[in-house]
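These notes concern the structure reproduced below.
Below, read A as the first sequence line, B as the second, and so on, with proteins coming before strands; counting in each chain starts at 1.
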Number of protein chains: 2
Amino acid sequence: MEAEGGEKFFSLMTHLLSVTIFQNAVILNKNRSEDNNMITLSDVAKAAGVSRSAASKALHGGGGKTTKISEKKSLHIQKIAEQLGYRPNRMAQRLASRKQDIIGLIVDSQCCRLYSDILSCIEQLTREAGYRLQVGLMHDSIDAIKSYVDDFLGYDIQSVICMAHYYEFSEKVPPLFKPFKNPLFISQPATDEKFSFVSPDYHGTFRKAMDYLFSLNRRKIIYVKSNYRTPDAMARARAFRDAHLAHGIPFDEAQIYCGDIGECDTLELMTELLDDVLPMRPDALIIGNGNATLWAIRLLNSRGLRVPEDVSIIGMESWKGSQAMQPSISVMDNNPAEIAREAVRVIINNIPVESPPLHEIFVEGSLILGESCCHKV
Amino acid sequence: MEAEGGEKFFSLMTHLLSVTIFQNAVILNKNRSEDNNMITLSDVAKAAGVSRSAASKALHGGGGKTTKISEKKSLHIQKIAEQLGYRPNRMAQRLASRKQDIIGLIVDSQCCRLYSDILSCIEQLTREAGYRLQVGLMHDSIDAIKSYVDDFLGYDIQSVICMAHYYEFSEKVPPLFKPFKNPLFISQPATDEKFSFVSPDYHGTFRKAMDYLFSLNRRKIIYVKSNYRTPDAMARARAFRDAHLAHGIPFDEAQIYCGDIGECDTLELMTELLDDVLPMRPDALIIGNGNATLWAIRLLNSRGLRVPEDVSIIGMESWKGSQAMQPSISVMDNNPAEIAREAVRVIINNIPVESPPLHEIFVEGSLILGESCCHKV
DNA sequence: CTGAAAGCGCTTACAG
DNA sequence: CTGAAAGCGCTTACAG
């Protein structure tokens with residue numbers, strides 16, 4: 001014990017000496033943490049000839065309210081720490097201090113473009129605000145979500161953004177987040193219980209699309225709905241009906257087409273879709289992602305129908321390529337950047353709050369017009 | 001102190017009693033971790049009337065080589081733990097045990113499809129293998145990468161997959177990963193130093209595309225190259241030249257077109273591209289992502305050139321929508337699933353190894369043929 | 001088979 | 001302004 005400590009101290013000293021001479025070269029070597037030989041706060045304190053309290057204060061600024069240290073000593077300690085290549089042990093720090101600087105987030109690794117846009121913005125915003133984002137990736141697996149929840153709690157992460165609750169098992173997800181002090185959902189969760197969320201205004205944006213189509217004199221619109229019973233799909237269906245009622249235009253529930261797997265973005269699904277709905281002689285289609293749009297145009301053409309002359313198309317997801325298509329596609333833009341801003345604002349504001357109040361926020365979206373709805377735009 | 005401990009013990013007991021009666025209801029309430037009142041291993045041990053060692057053994061199976069415990073007692077402890085809603089504190093566990101069950105990964109939040117496909121597979125595979133994936137998300141920021149490296153080291157994560165080294169600053173990234181015992185890059189890093197990597201065989205797959213185009217009698221091929229000096233771009237340029245030499249077909253270096261921002265996937269960039277290369281009268285284009293393909297077809301058409309009659313197109317990124325386009329697009333498939341498998345295999349095998357050997361693995365890709373190259377496919 | 005004790009690397013009251 | 005000491009929640013030799 002004694003011997004080992006001495007040895008380590010000796011090697012530290014040798015190291016310090018060499019550092020002053022061949023600083024760069026040695027630091028590179030040192031970084032390759034020799035097992036169990038990593039530099040700790042104690043090592044730094046010893047090398048600097050101060051107490052661990054002092055080192056802690058100098059390096060991480062903590063040290064309680066009373067611990068103080070002179071500017072000069074502080075700089076000295078910092079220099080030593082850098083020379084030694086000291087890296088704080090995060091586990092020890094968090095175990096000792098319980099500070100809340102990590103925001104957890106769970107998201108599907110194959111999420112839709114909207115979600116990955118939101119995620120990208122959230123990442124940026126949390127970093128700028130000085131928080132760390134710990135991302136739990138999974139795909140369509142309730143067990144994976146559970147294990148992330150356990151992990152987050154095990155790391156004492158109390159603020160968690162959930163972007164993964166739109167599945168067959170969607171109603172099982174929200175309850176898992178009850179143990180957290182500060183959970184926040186992106187899009188309204190599908191449960192009776194109340195949870196804070198920031199959501200695209202699916203209803204409002206869809207309504208804009210409907211009004212636009214009606215203004216173009218389209219009268220037989222097909223809405224290709226996801227078959228998950230998610231709030232977004234339900235909000236859109238509601239907007240579909242509301243719009244018809246408001247305009248006094250009759251419709252058939254069959255115009256809300258529920259595909260087998262949400263997005264009709266394969267040849268098979270789109271073929272099936274068209275077989276089912278073309279007998280209704282639709283003059284407009286509201287569909288999901290970019291691929292669905294590609295298939296729709298291709299297959300409509302192959303059946304002698306032109307876009308937009310015979311059928312208008314509006315996509316429910318904005319994507320960079322929509323304007324490159326021929327014809328360019330009208331799409332709904334859910335404003336991911338604003339959603340991310342609101343989400344980060346809410347969750348960060350909540351962190352110090354004992355029991356955060358309920359937040360239910362809808363972010364307004366817009367329509368990006370392309371050539372897929374009418375000739376002249 | 002004494003009083004507080006007693007109080008906590010009392011509430012635990014009350015709790016245990018109520019649990020037996022109203023189990024479900026109470027567990028739900030308990031989960032909402034009352035600040036600082038979270039259930040610890042000691043609480044469980046106390047409630048079960050055993051030592052912390054025994055509890056640790058029963059709940060996490062560790063407990064060194066010698067610590068043993070009877071089956072009956074073990075089950076009892078587990079039951080108590082579950083009733084109390086015990087969740088192990090991961091920080092304490094890792095601090096005490098130093099076990100290596102987390103794999104770190106750094107990736108761009110706006111990475112290309114290939115990378116997000118690989119990521120999705122890696123996530124699945126690491127989970128199946130019993131490891132946890134800790135994902136560091138960032139976008140085009142060397143500082144963010146640095147801070148993730150610090151974090152990982154701070155969490156004593158020694159196995160890290162880097163998918164974020166294709167930037168302006170690409171040669172600055174690999175050195176950051178030297179401190180890790182077990183780093184692995186996806187795609188070959190752009191540094192003189194050797195690092196283990198698993199990479200798509202960009203050269204081989206590109207060569208397949210070239211050979212195919214030559215077999216269709218295309219003679220003036222434009223390769224739209226990313227302007228980052230990344231190994232993939234260079235490997236492709238090499239394949240471009242090799243193919244010409246092998247076939248005895250003359251070419252001009254200007255046929256390797258270096259766009260301003262890598263992907264020519266906007267109206268402006270593609271317009272500029274066409275202005276620059278059309279005077280060469282190309283009969284084939286090898287371009288990046290899906291959007292670039294969309295723009296290429298649209299803009300070529302607007303200049304009176306048809307795909308594939310006048311110009312063949314091959315995309316360098318396979319995407320679900322490529323077959324939905326009109327014409328459907330020939331694309332290179334880099335085999336993300338296999339890349340992920342290799343990466344996970346290598347990194348997991350390395351975990352117990354003291355100084356892992358160098359791995360340099362190239363995964364073969366293939367061509368997915370569409371209508372964009374020639375009439376009859 | 002079991003438990004008391006040391007230790008992981010930090011932070012932070014507390015006493016000087 | 002400074003340092004010795006207790007503690008965060010675990011794991012694991014070690015001694016019974």
- Nearest-Å distance, NZ (K99(B)) to C1' (dG9(D))? 14 Å
- Task: Check the distance between dC10(C)'s P and M91(A)'s CE and give it to me in whole angstrom.
- Result: 10 Å
- Message: Would you measure the distance from the P atom in dC10(D) across to the matching atom in dC14(D) and give it in whole Å?
- Response: 24 Å
- Item | Nearest listed nucleotide, side chain of S70(B), among dC1(C), dT12(C), dC10(C) | dC1(C)
- Atom C1', compared across dT12(D) and dG16(D): separation rounded to whole Å: 16 Å
- Please determine if D151(B) and R90(A) form a salt bridge, counting it only when a charged side-chain N lies under 4.0 Å from a carboxylate O. yes
- Interatomic distance where NZ belongs to K57(A) and P belongs to dC1(D) [whole Å]: 11 Å
- Message: For K99(B), give me all partners under salt bridge (charged side-chain N to carboxylate O under 4.0 Å, His left out), at least two apart in sequence or on another chain.
- Response: none
- Item | Pairing residues for A340(B) by the side chain to side chain contact (heavy atoms under 4.5 Å, CB included) criterion, not counting sequence neighbours | I118(B), C121(B), I122(B), L125(B)
- Item | Set of salt bridge (charged side-chain N to carboxylate O under 4.0 Å, His left out) partners for R341(A), sequence neighbours left out | E338(A)
- Message: Suppose we screen for salt bridge (charged side-chain N to carboxylate O under 4.0 Å, His left out). Which residues come up paired with R127(B), at least two apart in sequence or across chains?
- Response: E123(B)
- Hey, is the side chain of S51(A) poking within less than 4.0 Å of OP1 or OP2 on dA4(D), counting only N and O atoms? no
- Task: Give the intermediate values and the outcome of side chain to side chain donor-acceptor pair (under 3.5 Å) for residues S74(B) and Q78(B).
- Result: CA-CA 6 Å; S74(B) 177; Q78(B) 285 169 27; 3.2 Å; yes
- Message: Could you write out DNA chain C as dot-bracket? Rules: Watson-Crick or G-U wobble, both distances under 3.5 Å, brackets [ ] for crossings, | for pairs with another strand, dot for unpaired.
- Response: |||.||||||||.|||
- Message: What is the separation between atom CG on D101(B) and atom C1' on dT11(D), rounded to the nearest whole Å?
- Response: 14 Å
- Of the nucleotides dT11(C), dC10(D), dG9(C), which has the atom closest to the Q93(B) side chain? dC10(D)
- Task: Please tell me which of the listed nucleotides, dG3(C), dC10(D), dA5(D), lies nearest to the side chain of S53(A)?
- Result: dA5(D)
- Of all the choices, dA6(C), dC10(C), dC8(C), which nucleotide is nearest to the side chain of R52(B) once you look at every atom? dA6(C)
- Task: Choose from dG9(D), dG3(D), dC10(C) the nucleotide whose nearest atom is closest to any side-chain atom of N89(A).
- Result: dC10(C)
- Task: Just jot down the salt bridge (charged side-chain N to carboxylate O under 4.0 Å, His left out) partners of E71(B), sequence neighbours excluded, or say none.
- Result: none
- Message: If I take atom CZ in residue R90(A) and atom C1' in nucleotide dG9(D), what distance separates them, rounded to the nearest angstrom?
- Response: 20 Å
- Message: How many whole angstroms separate atom CZ of R94(B) from atom C1' of dG7(C)?
- Response: 17 Å
- Contact under 4.0 Å: K73(A) side-chain N or O vs dT2(D) OP1/OP2: yes
- P spacing across the pair dT2(D) / dA6(D), given as an integer number of angstrom: 23 Å
- Please walk me through it: do L95(A) and N89(B) pass side-chain contact (heavy atoms from CB on, under 4.5 Å)? CA-CA 9 Å; L95(A) 186 59; N89(B) 182 312; 3.9 Å; yes
- Query: Within the structure, does a side-chain N or O atom of Y155(B) lie under 4.0 Å from either OP1 or OP2 of dG9(C)?
  - Reply: no
- Selection from dC10(D), dC8(C), dC10(C) that lies nearest to any side-chain heavy atom of Y86(A): dC10(C)
- Query: The side chain of S97(B) lies closest to which of these nucleotides: dC8(C), dT11(D), dT2(C)?
  - Reply: dT11(D)
- Whole angstrom is fine here: how far is it from CG in L41(B) over to C1' in dC10(D)? 7 Å
- Message: Given 3.5 Å as the limit, does a donor-acceptor pair link the side chain of H165(A) with the main chain of I186(A), or not?
- Response: yes
- Could you give the distance separating dG9(D) and dA13(D) at their P atoms, to the nearest angstrom? 23 Å
- Item | 5' precedence on DNA chain C between V50(B) and A55(A) (nearest-nucleotide basis) | V50(B)
- Note on the structure: Separation of dG3(D) atom P from K46(A) atom NZ, nearest Å, is 15 Å
- Task: Side chain of I69(A) only, please: which of dT11(C), dT11(D), dT2(D) is the nearest?
- Result: dT2(D)
